[in-house]
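Below is one structure, written out as structure tokens, with a few remarks after it.
A, B, ... follow the sequence lines: proteins, then strands. Residue 1 opens every chain.
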Protein chains: 2
Amino acid sequence: MEEKEISKAVIKRLPRYYRYLGELIEEGVERISSNDLSKKMKVTASQIRQDLNNFGGFGQQGYGYNVKYLYTEIGKILGLDILHPMIILGAGNLGQALANYVDFEKRGFELVGIFDINPVLEGMGVRGIEIKMISDLPFFLKEKKVEIAVLTLPKNRAADMAEILVKNGIKAIWNFAHIDLDVPEDVIVENVHLSESLMTLSYNLSKYTRDHKEK
Amino acid sequence: MEEKEISKAVIKRLPRYYRYLGELIEEGVERISSNDLSKKMKVTASQIRQDLNNFGGFGQQGYGYNVKYLYTEIGKILGLDILHPMIILGAGNLGQALANYVDFEKRGFELVGIFDINPVLEGMGVRGIEIKMISDLPFFLKEKKVEIAVLTLPKNRAADMAEILVKNGIKAIWNFAHIDLDVPEDVIVENVHLSESLMTLSYNLSKYTRDHKEK
DNA sequence: TAGATTGTTAATCGATTAACAATC
DNA sequence: TAGATTGTTAATCGATTAACAATC
């Protein structure tokens, strides 16, 4: 059963709130008003209050928000209080870089396996985890109750791999391949299209140059 | 002088149009209507026409759009027809992964240097490029007319580095550090906050579980 | 109690979609 | 010419901001 739908725009802002609240905790700040937070984050106080009230009343009139409490609650909303077993598909540069991203483990994302199609890599270790072959995948997914698959294969391999993953019951794909995956709608896909990000940077760079060339 | 401002939403869609048009070229498709493209891309035809007409009339009534022409024009809008000298700051896993991303070079992004703060790495090569120390940076930036800096340093180092980069006239920063950089408004920043991307995935995963638990 | 600040409703702004006249 | 499809205006939808009563 669905609750009142929360917009994508709101959800994409939650991790940023979470990050700022984490920093406030480190600075020893106990409470903060939407107004003060809005100045730090360069958004409107109104937006902060609206966003948070999608999930409940976390503040208190005349006081503001308790930083630790709000941090914990947003963490729960984001599902960071639960362990998410995760595998990486593709032990290339990017796959290895992500495998070594220590931060994830702190947030409940547990890397339990790394897979590749290149037999040369079989048995090699990344961060203490042995690289396995795709043939081991189906058994492994069930055995380890893997929830998230990180897809760092080249795009010509990614589509087929997504199909295998879906067939074996994966729930979410963090996709780094330059392709829009075609999966059933109950499978969650979060895309990181690096080249597209760089292109928007390039657009802004070129625009700036254009704007300043015209007198 | 500014032209009529184009919304961020439109700009973020351009690289995706570019990617689909590239695929159409590979498939040998010569022309396409907004309607056919809309089905492929799962957006409305209306949006495609609106988006494109921000930049000019690229189509022809009764015919549609010439794929190659549109691809080239969007490429120009994105600044992909111009060479953008680029350096990477931080020769860790992520920095090296990005350095090895061949695709960039095809799109006008030319990696001309890799820098790190760790003296142990000095002189080591990544993809034929010697890792240099930060002290070489100011001279290098001017000498090579570097436009884009890719920031893959840990967040405690990133803020200081951004300041150095700005002081030495860098125009754009592709920021992978978990921090919002504080730079003058004429410096372009494009953020890739990987952990935030993973958190939105996690949100959707948890939401799905929640929705299906409630009967 | 008085002051501060939330939660929430209403107003505004911007982005998306629909419709259709222009035209190839 | 007739049919197709764009470019563009108008209508709708959704998201952001402003305002303020509720309340700690």
Annotated protein contacts, base or backbone, on nucleotides 14-24 of chain D with a non-hydrogen cut-off under 4.0 Å, one of B, S, - each: -SSBBBB-BBB

Nucleic acid contacts of residues 70-78 of chain A, taken as heavy-atom distances under 4.0 Å to DNA chain D: none

Residues in contact with DNA chain D, drawn from residues 25-37 of chain B - heavy-atom cutoff 4.0 Å: S33(B), S34(B)

Integer-rounded Å distance: [N] [atom2] and [X] [atom1]:
| X | N | atom1 | atom2 | result |
| --- | --- | --- | --- | --- |
| L52(B) | dT6(D) | CG | P | 10 Å |
| F58(B) | dG7(D) | CZ | C1' | 13 Å |
| Y65(B) | dA4(D) | OH | C1' | 13 Å |
| F55(A) | dG7(C) | CZ | C1' | 15 Å |
| N53(B) | dT9(D) | CG | P | 10 Å |

Test: salt bridge (charged side-chain N to carboxylate O under 4.0 Å, His left out). Region: [range]. Which pairs qualify, not counting sequence neighbours?
| range | value |
| --- | --- |
| residues 156-169 of chain B | E163(B)-K167(B) |
| residues 185-196 of chain A | E196(A)-R19(B) |
| residues 82-97 of chain A | none |
| residues 69-80 of chain A | E73(A)-K76(A) |

Residue D182(B) excluded, over 12 heavy atoms near CG under 6.0 Å: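 No - once you tally the heavy atoms of other residues, nucleotides and ligands closer than 6.0 Å, there are 12 at most.
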
W174(B) and F176(B) aromatic ring geometry - parallel, tilted or perpendicular at 30°/60° bounds: perpendicular

Less than 3.5 Å apart, which donor and acceptor atoms pair up between the side chains of residues 93-100 of chain A and the rest of the protein, not counting sequence neighbours?
unit_1  : atom_1 : unit_2 : atom_2 : d
Q96(A)  : NE2    : A91(A) : O      : 3.1
N100(A) : ND2    : Q96(A) : O      : 2.8

Check: Y71(A)/N66(A) side-chain N/O donor and acceptor closer than 3.5 Å: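 Result is no, nothing qualifies.
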
Results of side chain to side chain donor-acceptor pair (under 3.5 Å) for S38(B) - residues two or more places apart only: none

Residues that Y203(B) engages under side chain to side chain donor-acceptor pair (under 3.5 Å), provided they are two or more places apart: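 Partners of Y203(B) under the side chain to side chain donor-acceptor pair (under 3.5 Å) test: none.
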
By salt bridge (Lys or Arg N to Asp or Glu O under 4.0 Å) - contacts of R31(B) (at least two apart):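 None.
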
Secondary structure string for DNA chain C (Watson-Crick or G-U under 3.5 angstrom, | for other-strand pairs): ..||||||||||||||||||||||

Distance flag, aromatic centroids of Y101(A) and F104(A), threshold under 6.0 Å: yes

Student check: side-chain heavy atoms of V146(A) and K171(A) closer than 4.5 Å: no

